[in-house]
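Note that the structure is predicted; figures quoted are calculated from it, not measured.
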Amino acid sequence: MDEYVVKRSFDSLLITGIVAFILCFIVTLFYWPIWGFAAKAIILSFGAPGLQAVDAKTAAKFVGVFAEATFFWMIINAWIWQTLVFGGYGKYAVTKSQPGAGLWYTLVGLVVGLIGFFVIVGLSGILWKPFSFAILFIPQSAAEVHMAIEGWEASNFYALPVIMANIGYAALFHKWPFAGNIKAPWDSVGAMSLSSYFCLLVWFAFIIPGFWHLSLSMGKAPNVVGVDHILSPPMGSWITFVAYAQCFIWWFLVPAEGGEHYPMKFFTTKQPWMGFIGLAICLVMGYLTLLALRVFIYPMDLMHGAPPDVAVASIALSVVVATLLWHHVFDDLPTAAMVENQAARILIRVAIWWVLGVILGIIWLKTFRMLPFGANNMGWGYPVMGPIAGQFAFLMVFLYYNAFFDKWPLVRKVKK
C-alpha cells in the first residue's frame with residue numbers, strides 16, 4: 001500500500017484559509033458565467049415555442065429558473081448526498097491523487113444529480129402537469145411557459161428539504177440506526193432512504209401546495225363571486241420561510257461544524273434521543289433566531305424596496321456560509337491544541353461565525369448587484385442568482401474544494 005505525507009503551501013492554518021477563500025471567490029467569478037451560459041444554451045436548444053409568446057422578462061425568468069435547477073440538483077443536492085449521506089463513498093475509486101479524484105467525483109455528482117431530478121421530478125410529473133417534462137422543457141404557449149416557471153421553481157425548492165432533512169439527519173441523528181450497524185455503502189443507502197422520506201414529506205406537504213392556486217367559493221349559491229384562497233406559502237411568504245430555514249439550518253450545523261456535539265450533548269449522548277433533542281432545539285431556536293435577526297436587521301433597511309425578510313434571509317444565510325467556511329476552509333480554528341478549554345474553544349468559534357457572517361452578509365448585500373454570480377450579468381445575457389442563491393454559488397466552491405478536492409492545491413498528499 002502506498003504511503004502519503006501531507007504537504008501544505010503555508011504552515012499557518014489561518015493563512016491557508018485566507019488564500020483558499022480568495023481562490024474560491026475568484027473561481028466563483030469565472031465559473032458561474034460559464035455555467036449560466038451553458039444552461040441557457042441547453043434550455044433554448046429545446047426550441048420551446050411558447051417563449052415566442054411571452055415578453056423578454058418572462059423568457060429570461062424561464063431561462064433563469066432552469067439554470068438554478070441545474071445548479072441545485074447537480075451541484076448542491078449531489079454534494080449533500082455524496083458527502084454527507086454516503087460519506088464520500090467511491091471518491092477514490094479511480095485515483096487517490098488530486099485533482100483527479102476530485103474531478104472524478106464531481107462528474108459522478110453531475111450524474112447523481114441528474115438521476116435524482118429525473119426520478120423525483122419525473123415521477124411527480126406523471127400526475128402533476130407542472131412537473132411534466134413536456135411542460136418544463138418545451139412549453140407550447142404563454143400559459144405553459146408560466147406553468148413551467150412555477151414547475152421549475154417548485155422543483156428547485158427540493159434543495160431546501162435536502163439541506164434541512166438529509167443534512168439534518170446526518171448532523172443530529174448521526175445516521176442512526178444504520179451507521180455502525182450495516183457495512184458501507186448499505187448503511188448510507190438506509191440513511192438516504194430514511195432521510196429522503198422526510199425530504200419528500202416536506203416537499204409534498206409544505207412546498208408544492210404553496211404553488212397551487214386553489215380557491216373555494218364563499219357561500220352556498222353557485223353564482224356567488226367571492227372566493228377565498230385556501231393555500232398559501234409556508235409561514236405566509238416564501239422569503240419568510242427561507243429566512244426561517246436558514247436559522248433552522250444554522251442550529252443543526254452547530255454540533256457538527258465545530259460545536260463538538262453541543263448543545264445536544266448537554267442533555268444526552270445517546271441516539272436517537274440526541275437527535276430528537278437536537279431537532280427540538282433547531283425548531284424552537286431557529287424561530288427565536290429569526291425574530292432576533294428581524295429586530296437587528298429591519299431598522300438597517302439593507303434592501304430598500306424589497307420585502308424586509310429578504311435581507312434577514314440573506315444575512316442568516318451569510319452566517320451559515322461563514323460557519324461552513326470556518327469548518328471546511330479554516331479547520332475549525334481555534335483547534336484543541338490552541339485552546340484546551342472546550343467551552344472557551346466553542347464559544348470563540350460561535351463568536352467568529354456570527355461576527356464574520358454578519359460582516360460578510362452586509363458586504364454581500366451592498367455588492368451582489370456588481371458581481372457576476374449575484375445580479376450583474378455584465379450585459380452578456382446569462383442568468384444570475386440574486387441575493388440568496390448567489391451565496392450558494394460561492395458556498396459550493398469551497399465545499400467542493402474541501403470535500404471533493406481535499407483542499408488541493410494548497411494542501412497536497414504526496415507519496416513518501
### Task
Go through Val112 and Ile115 one step at a time and tell me if the side chain to side chain contact (heavy atoms under 4.5 Å, CB included) criterion holds.
CA-CA 5 Å; Val112 166; Ile115 293 173; 5.7 Å; no
Greater than 12 external heavy atoms within 6.0 Å of [X]'s [atom1]:
X	atom1	value
Phe206	CZ	no
Tyr197	OH	no
Asp55	CG	yes

Between [X] (side chain) and [Y] (backbone), is there a donor-acceptor pair under 3.5 Å?
X	Y	result
Glu68	Phe72	no
Ser124	Ile120	yes
Asp187	Ala179	no
Trp326	Leu333	yes
Trp408	Ser97	no
Glu260	Ala343	no
Asn156	Val65	yes
Arg349	Pro334	yes
Trp79	Gly109	no
Lys407	Thr16	no

Minimum heavy-atom separation for [X] to [Y], with atom names?
X	Y	result
Pro263	Ile281	CG-CD1, 4.0 Å
Leu293	Ala316	CD1-CB, 3.9 Å
Gly122	Phe133	CA-CZ, 3.5 Å
Lys413	Val6	CG-CG2, 4.2 Å
Phe131	Leu136	O-CD1, 3.6 Å
Leu283	Tyr244	O-OH, 3.0 Å

### Message
Please evaluate residues Phe330 and Leu13 with respect to the criterion side chain to side chain contact (heavy atoms under 4.5 Å, CB included), reporting the C-alpha separation (whole Å), side-chain torsions for both, the decisive distance (0.1 Å), and the verdict.
### Response
CA-CA 6 Å; Phe330 288 88; Leu13 295 179; over 6 Å; no
### Query
Are the side chains of Leu194 and Trp176 in touch, meaning some heavy atoms are under 4.5 Å apart?
no
### Message
Would you say that Val310 contacts Pro387 through its side chain, given a criterion of any heavy-atom pair below 4.5 Å between the two side chains?
### Response
yes
### Task
With Phe398 as reference, evaluate Tyr400, Tyr401, Phe394 under the ring-ring contact (aromatic ring centres under 6.0 Å, His included) test and give the passing residue.
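Answer to the ring-ring contact (aromatic ring centres under 6.0 Å, His included) test with Phe398 among Tyr400, Tyr401, Phe394: Phe394.
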### Query
Where does the angle between the aromatic ring planes of Phe276 and Trp273 fall among parallel (under 30°), tilted (30 to 60°) and perpendicular (over 60°)?
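Tilted, since the angle between the ring planes falls between 30° and 60°.
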Check: [X] ring centre within less than 6.0 Å of [Y] ring centre:
X	Y	result
Trp32	Phe392	no
Phe252	Phe248	yes
Phe204	Trp128	yes

### Task
For Trp73, enumerate each residue passing the ring-ring contact (aromatic ring centres under 6.0 Å, His included) test, keeping only those at least two apart in sequence or located in another chain.
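For Trp73, the residues satisfying ring-ring contact (aromatic ring centres under 6.0 Å, His included) (neighbours in sequence not counted) are Phe117, Tyr158.
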Could you grab the distance from atom [atom1] of [X] to atom [atom2] of [Y], nearest 0.5 Å is fine?
X	Y	atom1	atom2	result
Met264	Thr269	CE	OG1	10.5 Å
Trp35	Phe373	CH2	CZ	16.0 Å
Lys366	Met303	NZ	CE	9.5 Å

#### Entry: Sequence-distant partners of Ser237, side-chain contact (heavy atoms from CB on, under 4.5 Å), two or more places apart
Ile239, Thr240
### Task
Examine the side chains of Thr289 and Trp250 and answer whether a donor and an acceptor come within less than 3.5 Å of each other.
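Short answer, no.
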### Task
Before giving the answer on side chain to side chain contact (heavy atoms under 4.5 Å, CB included), spell out for Val254 and Tyr262 the whole-Å C-alpha distance, their side-chain angles and the decisive distance to 0.1 Å.
CA-CA 7 Å; Val254 171; Tyr262 288 96; over 6 Å; no
### Query
For Val108 and Gln82, what are the C-alpha separation, side-chain angles and deciding distance, and is it a side chain to side chain contact (heavy atoms under 4.5 Å, CB included)?
CA-CA 9 Å; Val108 171; Gln82 290 171 271; 3.7 Å; yes
### Query
Just one of Ile138, Leu44, Ile43 clears the side chain to side chain contact (heavy atoms under 4.5 Å, CB included) bar with Leu51, so which one?
Leu44
